[in-house]
Amino acid sequence: MTVRVQPEPFDAGAELNGFAQGRSDVGAIVSFTGVVRDVDGGLREMQIEHYPGMTEAAIAGIVAQACERWSLADALVIHRHGPLAVGAPIMMVATAAAHRVAAFEAADFLMDYLKSRAPFWKKEVTVNGAEWVAAKDADEDALNRW
Amino acid sequence: MTVRVQPEPFDAGAELNGFAQGRSDVGAIVSFTGVVRDVDGGLREMQIEHYPGMTEAAIAGIVAQACERWSLADALVIHRHGPLAVGAPIMMVATAAAHRVAAFEAADFLMDYLKSRAPFWKKEVTVNGAEWVAAKDADEDALNRW
Amino acid sequence: MNVMYFAWVRERIGIPHETVDSDAATVADLVAELVAREDRYAAAFADVSALRVALDQELAAFDAPLAGVREVAFFPPMTGG
Amino acid sequence: MNVMYFAWVRERIGIPHETVDSDAATVADLVAELVAREDRYAAAFADVSALRVALDQELAAFDAPLAGVREVAFFPPMTGG
């Protein structure tokens with residue numbers, strides 16, 4: 001189980017290849033990569049603020065929950081903070097399990113919980129100024145699935 | 001949209017990095033990698049037979065359906081055939097969309113359909129002999145979700 | 001008409017494909033003709049509910065008509081992914 | 001007690017954290033004390049239903065007691081992932 005919170009970019013492909021290597025009990029690996037998306041062609045930069053200390057603890061708690069509930073062989077979460085360019089990777093989740101259903105569900109669960117329970121805040125800097133991204137009701141509702 | 005059916009191994013990390021590159025409309029990328037899993041420490045090799053021609057057409061049909069239903073920016077399917085060693089990658093699916101729900105659902109759908117509707121057959125060669133893998137009712141049932 | 005066999009169907013019949021001259025109206029009629037031929041066909045088609053069929057590379061039902069079909073394939077349920 | 005502010009709460013109050021001497025029994029009492037101080041606090045806490053609070057780095061409710069708490073953090077709903 002790996003959790004990293006960092007300002008530096010990461011190489012999603014290299015992380016995927018390094019993940020769950022050499023385990024013969026793994027049949028399914030799911031990864032999610034979040035990327036800075038240009039909404040209307042006007043995004044200059046995304047800024048991510050976080051709460052050092054609480055961030056790592058909150059993510060570790062969510063990952064431990066997922067590992068137990070879906071009997072994961074391994075799990076990985078990387079989340080960046082600081083200024084991010086359009087097209088840059090924001091974060092990544094990977095899960096490894098014996099079967100595909102567990103790997104898919106656990107990755108989906110991790111994303112829902114990270115989105116609404118890990119202390120990160122996104123600010124979009126556009127050609128028209130900077131604005132904090134508002135939380136979506138749908139993201140909060142998504143937690144009720146689990 | 002990319003579909004490849006091949007005996008050669010592939011590099012899941014390199015495929016993930018090459019996928020959906022340079023598209024500013026993508027916020028979410030999900031990948032699934034299937035790996036030859038050693039069930040009881042007795043697996044020598046996995047053999048995959050397929051139906052050349054029908055395989056490519058069936059996969060392309062399933063991918064086109066997913067792209068339309070979830071408005072995917074891009075989708076990738078790689079599936080191997082022939083003899084595969086324990087721990088080797090069997091196949092890979094990747095989806096790219098604006099938002100995470102679409103990317104997750106489309107990848108999940110692709111896996112369910114590839115498993116039961118693309119003409120591949122797995123044979124496990126163990127220390128006790130060779131046996132064709134039986135289709136699971138759960139895999140057929142999974143299609144009813146969509 | 002080209003008839004193809006995959007996985008354990010291929011192994012039981014002993015060949016991957018063959019050309020069959022038949023006036024069978026449906027897939028089920030063709031299966032009946034093959035079963036009547038030899039024990040290895042009877043063994044392969046003993047339980048058609050355990051089998052799938054594709055006509056010209058598209059999945060079909062056992063009561064589907066064969067008119068105009070060039071390629072018939074018999075195989076067990078798929079297990080890819 | 002160390003009080004921290006994040007995202008637009010931090011921007012409205014103008015500082016990322018401060019040491020607050022308070023006998024407030026609950027988070028809500030502490031918020032009332034801060035709001036009474038200056039307009040920038042009143043602006044930040046105008047609608048507490050739009051805010052979240054963490055006590056010693058764990059999410060808590062606004063009626064949670066502050067006894068023994070060393071670090072209180074106020075912030076809008078999270079938007080990571």
Side-chain angles (χ1 to χ4, degrees), chain A residues 10-43 46 73 85-101 103-105 107-112 114-115 136 138-139 141-142 145, chain B residues 10-43 46 73 85-101 103-105 107-112 114-115 136 138-139 141-142 145:
Chain A
F10 59 88
D11 180 329
E15 297 293 343
L16 180 64
N17 280 351
F19 177 68
Q21 277 268 355
R23 296 196 60 143
S24 61
D25 54 343
V26 168
I29 296 169
V30 169
S31 81
F32 176 92
T33 314
V35 177
V36 179
R37 189 171 66 96
D38 191 358
V39 182
D40 296 307
L43 188 67
M46 169 88 83
V86 172
I90 303 171
M91 53 87 63
M92 173 173 184
V93 155
T95 55
H99 301 288
R100 80 183 188 287
V101 175
F104 264 115
E105 285 192 2
D108 206 359
F109 166 91
L110 283 171
M111 284 308 304
D112 281 350
L114 289 172
K115 238 185 158 53
K136 294 195 192 86
D139 288 334
D141 293 347
R145 294 195 289 153
Chain B
F10 60 87
D11 180 329
E15 297 293 344
L16 180 64
N17 280 351
F19 177 68
Q21 278 267 354
R23 297 196 60 144
S24 60
D25 54 344
V26 167
I29 296 171
V30 169
S31 81
F32 176 93
T33 313
V35 177
V36 179
R37 189 171 66 96
D38 190 0
V39 182
D40 297 305
L43 188 67
M46 169 88 83
V86 172
I90 302 172
M91 52 88 63
M92 173 173 184
V93 154
T95 55
H99 300 289
R100 80 182 186 290
V101 175
F104 263 116
E105 285 191 4
D108 207 358
F109 166 92
L110 283 171
M111 283 309 303
D112 281 350
L114 288 172
K115 239 185 156 51
K136 294 195 191 86
D139 288 334
D141 293 347
R145 296 194 289 152

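In what follows, chains are A, B, ... by sequence order, proteins preceding strands, each numbered from 1. What you are looking at is a predicted structure, and each value in this text was computed from that prediction instead of being measured.
- Interface remark: of the candidates B:Val93, B:Val36, B:Asp38, B:Leu43, B:Asp38 forms the most heavy-atom pairs closer than 4.5 Å to chain A.
- Heavy-atom distances place no part of B:Ala94 under 4.5 Å from chain A, backbone and side chain included.
- Residues A:Leu16 and A:Met92 form a side-chain contact, since some pair of their non-hydrogen atoms from C-beta on lies under 4.5 Å apart.
- Both the backbone and the side chain of B:Ala12 have a heavy atom closer than 4.5 Å to some heavy atom of chain A.
- Heavy-atom distances place both the backbone and the side chain of B:Ile29 under 4.5 Å from chain A.
- Qualifying ring-ring contact (aromatic ring centres under 6.0 Å, His included) partners for A:Phe109, counting only residues two or more places apart in sequence or in other chains: A:Trp70, A:Tyr113, A:Trp146.
- Using a 4.5 Å heavy-atom cutoff, the side chains of B:Met111 and B:Met91 are in contact.
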- [ ] Go through B:Asp112 and A:Arg100 one step at a time and tell me if the salt bridge (Lys or Arg N to Asp or Glu O under 4.0 Å) criterion holds.
- [x] CA-CA 9 Å; B:Asp112 281 350; A:Arg100 80 183 188 287; 2.6 Å; yes
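- For A:Asn17, the side chain to side chain donor-acceptor pair (under 3.5 Å) partners two or more places apart in sequence, or in a different chain, are B:Asp11.
- Separating the NZ atom in B:Lys115 from the NZ atom in B:Lys136 is a distance of 6.0 Å, to the nearest 0.5 Å.
- With a 4.5 angstrom heavy-atom cutoff, A:Ala107 touches chain B via backbone and side-chain atoms both.
- Proximity to chain A involves both the backbone and the side chain of B:Asp108, based on heavy atoms less than 4.5 angstrom apart.
- For A:Ala14, the part sitting under 4.5 Å from any heavy atom of chain B is the backbone (N, CA, C, O) and nothing else.
- Using a 4.5 Å cut-off between heavy atoms, B:Ala98 touches chain A through backbone and side chain atoms alike.
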